Amino acid sequence: MENASARNMWGSYLKNHLEDVFHETPKTMYFGDNETDVNENANLIKTGVKKAITHSLLGLQNRHEPLPKIGDYIVVTNYSGEAQCIVATTAVTIKPYFSIDSAYAQLEANGDKTLEYWKKYHWDLFSRELQKFNREPRESMIVVCQEFKMVHS
């Protein structure tokens, strides 16, 4: 963990959660690909409104990132890299993009929390992400739905 604010937040969390002292060091990351979205996502997570994030499987594979797993901790940062909170992954589901439903869109809590907003937001996000790998999103593409709970702020 190269980020001082993330290290400090993880240390603060461990003071009150000794059972996690031997847990692997959490990832430090933000969610989104631009300052506005990243900061909005961090705020929604920190306030407990946003309880899920969705990755494209192709994006994870092309960046050589492992699939998230239940029990993973993440120090969520804003766009400037300042730690905002820590979340623990509670569920990971792999499914086609077209199968996302409105209940899941509400867990993500972006925009007006509707399925229509979720689909447009993620289609645009995945289009930008996959363009770097000369790929395009499809309705049948596989997405990784990561649910979490905030454990420290």
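Keep in mind that what you see is a predicted model, and the values were worked out from it rather than measured. Note that these values count all heavy atoms, side chains included, but never hydrogens, waters or copies made by symmetry.
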Checklist entry - When rounded to the nearest 0.5 angstrom, what is the spacing between NZ in Lys46 and NE2 in His152? => result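 Going from NZ on Lys46 over to NE2 on His152, the span is 10.0 Å.
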
Can you give me the closest heavy-atom contact between [X] and [Y], atom names plus distance?
{"X": "Ala109", "Y": "Lys113", "result": "CA-CG, 3.7 Å"}
{"X": "Thr77", "Y": "Thr28", "result": "CG2-CG2, 3.4 Å"}
{"X": "Leu60", "Y": "Pro68", "result": "CD1-CD, 4.3 Å"}

Next on the checklist: Looking only at the aromatic ring of each residue, does the gap between the centers of Trp118 and Tyr121 stay below 6.0 angstrom?
Outcome noted: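 Between Trp118 and Tyr121, which both carry aromatic rings, the centre distance is not below 6.0 Å.
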
Checklist entry - To which residues is Val49 joined in a hydrophobic cluster, defined by side-chain heavy-atom contacts under 4.5 Å among Ile, Leu, Val, Met, Phe, Trp and Tyr, whether direct or through other members? => result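 When side chains under 4.5 Å apart are linked, the cluster holding Val49 also contains Leu44.
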
Checklist entry - Is a donor on one side and an acceptor on the other found under 3.5 Å between the side chain of Lys51 and the backbone of Phe148? => result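 The answer is no, because no donor-acceptor pair under 3.5 Å joins these two groups.
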
Next on the checklist: side-chain hydrogen bond (donor to acceptor under 3.5 Å, both in side chains), that's the test. Do Asn41 and Asn110 meet it? Break it down for me.
Outcome noted: CA-CA 8 Å; Asn41 284 330; Asn110 289 101; 2.9 Å; yes

Checklist entry - Which is it for Cys145 and Ile100 under the side chain to side chain contact (heavy atoms under 4.5 Å, CB included) test, yes or no, and what are the steps along the way? => result CA-CA 9 Å; Cys145 303; Ile100 298 295; 3.6 Å; yes

Item to check | Partner residues of Tyr30 under the ring-ring contact (aromatic ring centres under 6.0 Å, His included) criterion, sequence neighbours left out | outcome: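 Applying ring-ring contact (aromatic ring centres under 6.0 Å, His included) to Tyr30 gives Tyr79.
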
Checklist entry - What residues form a ring-ring contact (aromatic ring centres under 6.0 Å, His included) with Phe31, not counting sequence neighbours? => result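 Phe31: no ring-ring contact (aromatic ring centres under 6.0 Å, His included) contacts found.
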
Next on the checklist: Applying side-chain hydrogen bond (donor to acceptor under 3.5 Å, both in side chains), can you list everything that pairs with Asp112, at least two apart in sequence or on another chain?
Outcome noted: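 Here the qualifying residues are Thr114.
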
Item to check | Partner residues of Lys119 under the side-chain hydrogen bond (donor to acceptor under 3.5 Å, both in side chains) criterion, sequence neighbours left out | outcome: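 Lys119 satisfies side-chain hydrogen bond (donor to acceptor under 3.5 Å, both in side chains) with no residue once adjacent residues are dropped.
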
Checklist entry - So does Asp124 pair up with Arg128, basic N to acidic O under 4.0 Å? => result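 Salt bridge: no.
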
Item to check | Same apolar cluster: Ile94 and Met141, side chain cutoff 4.5 Å | outcome: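 They do not share one cluster, since no chain of ILVMFWY contacts under 4.5 Å joins Ile94 to Met141.
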
Checklist entry - What do the steps show when you test Thr54 against Tyr104 for side-chain hydrogen bond (donor to acceptor under 3.5 Å, both in side chains), and what is the final call? => result CA-CA 10 Å; Thr54 306; Tyr104 182 77; 2.8 Å; yes

Next on the checklist: The test is side chain to side chain contact (heavy atoms under 4.5 Å, CB included); show your working for Asp20 and Tyr73 and say whether it passes.
Outcome noted: CA-CA 10 Å; Asp20 290 326; Tyr73 287 103; 2.7 Å; yes

Checklist entry - Could you give all pairs that pass the side-chain hydrogen bond (donor to acceptor under 3.5 Å, both in side chains) test and reach residues 135-148, with sequence neighbours left out? => result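 As it turns out, the side-chain hydrogen bond (donor to acceptor under 3.5 Å, both in side chains) pairs with a partner in residues 135-148, which skip direct neighbours, are His55-Gln146, Thr89-Gln146.
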
